[in-house]
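Below, read A as the first sequence line, B as the second, and so on, with proteins coming before strands; counting in each chain starts at 1.
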2 protein chains.
Amino acid sequence: MPHPSDLESARTSEAASPRTLIQDVYQRLRADIISGELKPGTRLRAEHLKSIYNVSGATMREALGLLVSDALVIAREQRGFIVAPVSLEDLADITATRAMLEAHAVRMAIRQGDDEWEAELSGAFHRLSRAEERRAGATADDYWEACNKKFHEALVAGCQSQWTRHFLTILYRQSERYRRIARFNAPPDRDVHAEHVAIYEAAIARDEERAGEVIELHINSTLDVLRGLGEGVLAEEGYQLSPRIRA
Amino acid sequence: MPHPSDLESARTSEAASPRTLIQDVYQRLRADIISGELKPGTRLRAEHLKSIYNVSGATMREALGLLVSDALVIAREQRGFIVAPVSLEDLADITATRAMLEAHAVRMAIRQGDDEWEAELSGAFHRLSRAEERRAGATADDYWEACNKKFHEALVAGCQSQWTRHFLTILYRQSERYRRIARFNAPPDRDVHAEHVAIYEAAIARDEERAGEVIELHINSTLDVLRGLGEGVLAEEGYQLSPRIRA
DNA sequence: ACAAGTCATAATCTCGAGATTTTATCAAAT
DNA sequence: ATTTGATAAAATCTCGAGATTATGACTTGT
């Protein structure tokens, strides 16, 4: 039975080589926004971008419209598109909402997850652990980011609610953007790996209550790190014009 | 402080006469889908629709792309758009997720809401009460639907989390569609008004716990009504081709 | 010197037609 | 009789240009 968010789910998994130009541009644009190459607040003029992405203006507009779904770009009527601004207040909202939703999803997964879920989770945890002992305290890299994403996806994969997972996908992308914006400014002084271990063990032990608590603490603590840096980091990185875009 | 979902919020309130054709078509299409005039599963061929809505094919496509954000339309690569299908399983997911999120939002509103929130809520409750004593057990009408929507919006308006409200907006639209699809098949044998009274009183009394419980029961009971009718109602109404569209 | 109004520039929004892909039809072979 | 393959039709996807609207600079008046 197809579900409204199947499309989103498809987007989440490995970006199956898009067969339409719109999907292609959509994915590239999204990556550029999340990676921070397109800074928050940047005006997205279709006239300029179409020469960069080598597509027509109409195609560009459609891709931008798709990005609005993810709340990564904002459409102002008759005034074009801009990259969604960032703020500490927004980050706090994203974090709190995600912590609540993901705790709920994990509890659900623990209740409903089958052997396949456990197996996938175990694999994702193993991959993440290796990535974490390899970088050993260094700042986050792309590979770690991918492993972390897969671990969190595997955690909630056992949750039967497609809508809950859909919303979590959106929120994860948002938090990922914040994490990358402040990537080089945030030295991880806390033991992230220990937190992941606690989450994993609680999940495998089928301890709903503990898993919910731990995951909530885990997500909320990422906010504290950024908050400690102050709003300056965001203001400094954001609202910059003429961003450099990858070739 | 602008927020990604400001656009959505704007859509929610009185549809300020859209200044672009795309927004106009988007709103009309959305209304036609939610009202049930465009049945679930219907193929949305831009070539056909453009003559109905009197716009170009490209404009039509953009409006359809916007609908994908709301998960009311599904885009299949190179194979066009269709109205999102319905199923009892999907409705159960929508309902459960909304019950959880709205209970959370109401508790938050009770904690954070100010006098203005109480005043607006009181007004919305009054309006809804009048609408309910007027129809007195009859099937739901458009005016009641509008009042109900405003009541629920007023309830969560005090919740500071824009993301939570954003997700609730999406879920409400989904549930509204299901309600209208089975509108004439579902005689309200329960006392909906009593439930609304309980919610309102708990909210005004600032009783977080009770308000959360009551709203969760309230939302979940709407599922029970539809479930009692069986999947037949949805199958019967849905998956029909060549829908009739308003002039 | 400052404010308000006016006009040129630039960007967005919209359109109709052409290129590509999918879907349906139909004949032929096992 | 069923399946396979090729062909025709329909729909989607993409483009470049024209119409509409917003932005910024300039002039004018107090």
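- Remark: Glu153(B) does not engage Arg165(B) in a salt bridge, criterion side-chain N to carboxylate O under 4.0 Å.
- Under the 4.0 Å criterion applied to side-chain N and carboxylate O atoms, Glu176(A) and Arg180(A) are assigned as salt-bridge partners.
- If you measure from atom CG of Leu49(A) to atom P of dA11(C), you get 12 Å, rounded to the nearest angstrom.
- Considering only the side chain of Ser56(B), dC15(C) comes nearest among dC15(C), dT12(C), dC15(D).
- Rounded to whole angstrom, the span from the CD atom of Glu47(B) across to the C1' atom of dT14(D) amounts to 13 Å.
- The separation between Phe81(A) atom CZ and dA10(C) atom P is 21 Å, rounded to whole Å.
- Checked by atom type, the side-chain pair Tyr26(A)/Asp70(A) shows a donor-acceptor distance below 3.5 Å.
- Between His48(B) and Ala58(B), the residue anchored nearer the 5' end of DNA chain D, judged by the nucleotide with its closest heavy atom, is His48(B).
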Tyr143(B)/Asn148(B) under side-chain hydrogen bond (donor to acceptor under 3.5 Å, both in side chains): CA gap, chis, key distance, verdict: CA-CA 9 Å; Tyr143(B) 180 65; Asn148(B) 186 54; over 6 Å; no
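- Nearest to the side chain of Glu62(B), among dT14(D), dT14(C), dA22(D), sits dT14(C).
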Side chain to side chain contact (heavy atoms under 4.5 Å, CB included) assessment of Ile33(A) paired with Arg28(A): CA-CA 9 Å; Ile33(A) 292 176; Arg28(A) 285 203 281 160; over 6 Å; no
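- Place Gln78(B) and Asn54(B) on DNA chain C by their nearest nucleotides, and Asn54(B) ends up nearer the 5' end.
- Across the protein-nucleic acid pair, Lys50(A) atom NZ and dT12(C) atom C1' stand 12 Å apart, rounded to whole Å.
- Checking the phosphate oxygens (OP1, OP2) of dT12(D), no side-chain nitrogen or oxygen of Thr20(A) falls inside 4.0 Å.
- Phosphate contact (OP1/OP2 of dT23(D), side-chain N/O of Arg79(A), threshold under 4.0 Å): present.
- Residue Arg61(A) contributes atom CZ, which lies 16 Å from atom P of dT14(D) at whole-angstrom precision.
- If you measure from atom CZ of Arg43(A) to atom P of dA10(C), you get 14 Å, rounded to the nearest angstrom.
- Note: CZ (Arg45(A)) to C1' (dA10(C)) measures 9 Å, nearest angstrom.
- Going from atom CG of Leu44(B) over to atom C1' of dT12(D) covers 13 Å, rounded to whole Å.
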